[in-house]
Amino acid sequence: MNPYLFISDEVRAAVAENRPVVALESTIISHGMPYPQNVETALSVEATVREHGAVPATIAIIQGKLCVGISHDQITYLGKKGLSVNKASRRDLPVLLARGDDGATTVATTMIGAAMAGIHVFATGGIGGVHRGAQSTMDISADLEELARTDVTVVCAGAKSILDLGLTLEYLETKGVPVIGYQTDELPAFYCRDSGFGVDYRLDTPMEIAAAIRAKQVAGLTGGMLITNPIPEAYAMPQSQMSACIDQAISIASSNGIKGKAITPFLLDQIKSLTEGKSLASNIQLVLNNARLGAKIAVALSSLS
Ligand code: PSU
Ligand code: MN
């Protein structure tokens, strides 16, 4: 027994009975979107996972416990606290657990909680990656190392072009992380369906993805997989507008000296203002789209194992 791990009864029963479960992160709630849209989105993501036949397991650190399957009240609490909650990646865990503190889990920490609870599929918006200029700043998200070591499949809408997508793909290749395109040959770039970069493999059905996850498990291969799911056409933002906004947001961040863990939330907020809120509407839709795909993959996977 791990005294720092709490698994809800619903999630524990579903995992024990090999029913489909989808893990969900909490940094997207506290740091990725403003209140109240963050709470509304987190609750509709959970509802979407249920509608597609899986149990949602939103993960967060609450009073020093890594909680897998938090309540609606806890989601609301994290959403209202927003940026004042600790953004918790792998390196933050020891101190937050020891102190009995709260933390919103990034992709890396959510993968850790999911793996501890026996959950294989996790849906989110975007992952962290290699930042532009990382050649000198060395700003590379711990999400990539976690994908390299932890056995959880992450469904996302690719990564935002606030990152260097080419270097992010190189890093994932070095670390042995398969990058799969769902019904696409091209890596999606979060708000936009295309990035100009290819994926490693295109798979067109949730069952083909589940078969790859299953093969990895049966073969005893460790590490995660990345499933990239393009934003639905109707909500995609024009590439030229997005790249101008992102360039502007990055230059505002650098003139304000923003760096480290604060950079991603800062850029997201700037982009939201620069697009007059349109990026937030797109962000919400792509997360829902990933929740649907995550649930379908989890359903297919539980039929195989
Ligand atoms: N990208 C988004 N929204 C987010 C994040 C990334 O579009 O909310 C969050 C995720 O929790 C991700 C984290 O795991 O930022 C990466 O932060 P860092 O680069 O500091 O590791
Ligand atoms: Mn970083």
Side-chain angles (χ1 to χ4, degrees), residues 23-35 37-39 41-42 45 58-61 78-79 82-83 85-93 103-114 122-148 150 152 154-165 167-168 171-172 188-192 195 224 226 228-229 231 237 242 245-246 249-250 253-254 258-272 275 279-290:
L24 301 163
E25 63 154 307
S26 47
T27 291
I28 190 172
I29 304 173
S30 58
H31 290 66
M33 290 181 193
Y35 179 81
Q37 289 94 338
N38 54 1
V39 172
T41 303
V45 165
T58 302
I59 298 182
I61 301 160
L78 293 172
L83 298 179
V85 182
N86 297 298
K87 174 179 163 186
S89 196
R90 175 178 273 274
R91 59 102 187 260
D92 301 285
L93 282 174
T105 53
T106 62
V107 167
T109 343
T110 304
M111 289 179 75
I112 295 172
F122 161 22
T124 187
I127 58 158
V130 179
H131 279 263
R132 295 193 196 173
Q135 295 90 330
S136 60
T137 63
M138 290 186 71
D139 189 347
I140 300 172
S141 174
D143 291 353
L144 301 185
E145 283 300 320
E146 208 59 51
L147 280 161
T150 301
V152 174
V154 179
V155 181
C156 69
K160 251 179 259 65
S161 343
I162 60 175
L163 302 172
D164 187 319
L165 298 183
L167 291 185
T168 300
Y171 199 92
L172 289 168
F190 202 81
Y191 305 115
C192 306
S195 66
L226 194 63
T228 64
N229 185 26
I231 184 173
M237 311 270 295
M242 274 333 285
C245 280
I246 288 170
I250 289 176
S254 83
I258 310 287
K259 48 184 193 299
K261 71 200 281 189
I263 188 97
T264 301
F266 183 89
L267 292 174
L268 288 177
D269 186 57
Q270 289 294 321
I271 292 166
K272 190 195 86 195
T275 60
S279 68
L280 178 59
S282 291
N283 199 343
I284 292 168
Q285 292 302 325
L286 67 84
V287 176
L288 291 169
N289 191 46
N290 295 341

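Because only heavy atoms are used, hydrogens play no part in the values below, and waters and symmetry mates are left out as well, while side chains stay in. When a ligand or atom number is given, it counts from 1 through the structure's own listing order.
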With side chain to side chain contact (heavy atoms under 4.5 Å, CB included) as the test, would you mind laying out the steps for Thr124 and Asn290 before giving the verdict? CA-CA 6 Å; Thr124 187; Asn290 295 341; over 6 Å; no

Stepwise side chain to side chain contact (heavy atoms under 4.5 Å, CB included) check, Val45 with Leu288: CA-CA 6 Å; Val45 165; Leu288 291 169; 3.8 Å; yes

When you look at Phe190 and Met237, which way does the side chain to side chain contact (heavy atoms under 4.5 Å, CB included) test go after all the steps? CA-CA 9 Å; Phe190 202 81; Met237 311 270 295; over 6 Å; no

Derivation and outcome, side chain to side chain contact (heavy atoms under 4.5 Å, CB included), residues Thr27 and Thr264: CA-CA 11 Å; Thr27 291; Thr264 301; over 6 Å; no

Stepwise, does the side chain to side chain donor-acceptor pair (under 3.5 Å) test hold for Thr106 with Thr109? CA-CA 5 Å; Thr106 62; Thr109 343; 3.1 Å; yes

Evaluation steps, side chain to side chain donor-acceptor pair (under 3.5 Å), between Glu146 and Thr150: CA-CA 6 Å; Glu146 208 59 51; Thr150 301; 2.6 Å; yes

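At the shortest separation from atom 11 (O) of ligand 1 among protein heavy atoms lies Glu25 OE1, 2.6 Å. Of the protein's non-hydrogen atoms, Thr27 CG2, 4.0 Å is the one closest to atom 9 (C) of ligand 1. Ranking protein heavy atoms by distance to atom 3 (N) of ligand 1, first place goes to Leu268 CD1, 3.5 Å. Taking atom 5 (C) of ligand 1 as the reference point, the nearest protein heavy-atom neighbour is Thr264 CG2, 4.1 Å.
At a 3.5 angstrom cut-off on N or O pairs, Thr106 does not count as close to ligand 1. Here's the thing with Asp143: one of its N/O atoms is less than 3.5 angstrom from an N/O atom of ligand 1. Taking only nitrogen or oxygen atoms, main chain and side chain alike, Val107 reaches within less than 3.5 Å of ligand 1.
Side-chain N or O atoms of Asn38 include one that pairs as donor or acceptor with a backbone N or O of Ile29 at under 3.5 Å. A donor-acceptor contact shorter than 3.5 Å links the side chain of Thr168 to the backbone of Val130. The main-chain N or O of Gly126 is never found under 3.5 Å from a side-chain atom of Lys160 such that the two would form a donor-acceptor pair. Here the side chain of Ser30 pairs no donor or acceptor atom with the backbone of Ala104 at under 3.5 angstrom.
Tally of protein N, O or S atoms closer to the Mn ion (ligand 2) than 2.8 Å: 1.
Remark: Phe266 CZ to Lys259 NZ distance equals 13.0 Å, nearest 0.5 Å.
The Ser141 neighbourhood of ligand 1 comprises atoms 18 (P), 19 (O), 21 (O), with distances under 4.0 Å to a heavy atom of that residue. Of all atoms in ligand 1, listed by their number and element, those nearer than 4.0 Å to a heavy atom of Phe190 are 7 (O). Listed by number with element, the atoms of ligand 1 under 4.0 Å from a non-hydrogen atom of Gly126 are 1 (N), 6 (C). Near Gly32, meaning under 4.0 Å from any of its heavy atoms, are these atoms of ligand 1: 8 (O).
Annotation: side chain of Gln37 is not in contact with side chain of Asn283 (no heavy-atom distance under 4.5 Å).
The closest approach between a heavy atom of Lys87 and any atom of ligand 1 is below 4.0 Å. Put simply, part of Lys160 is less than 4.0 Å from ligand 1, judged by heavy atoms.
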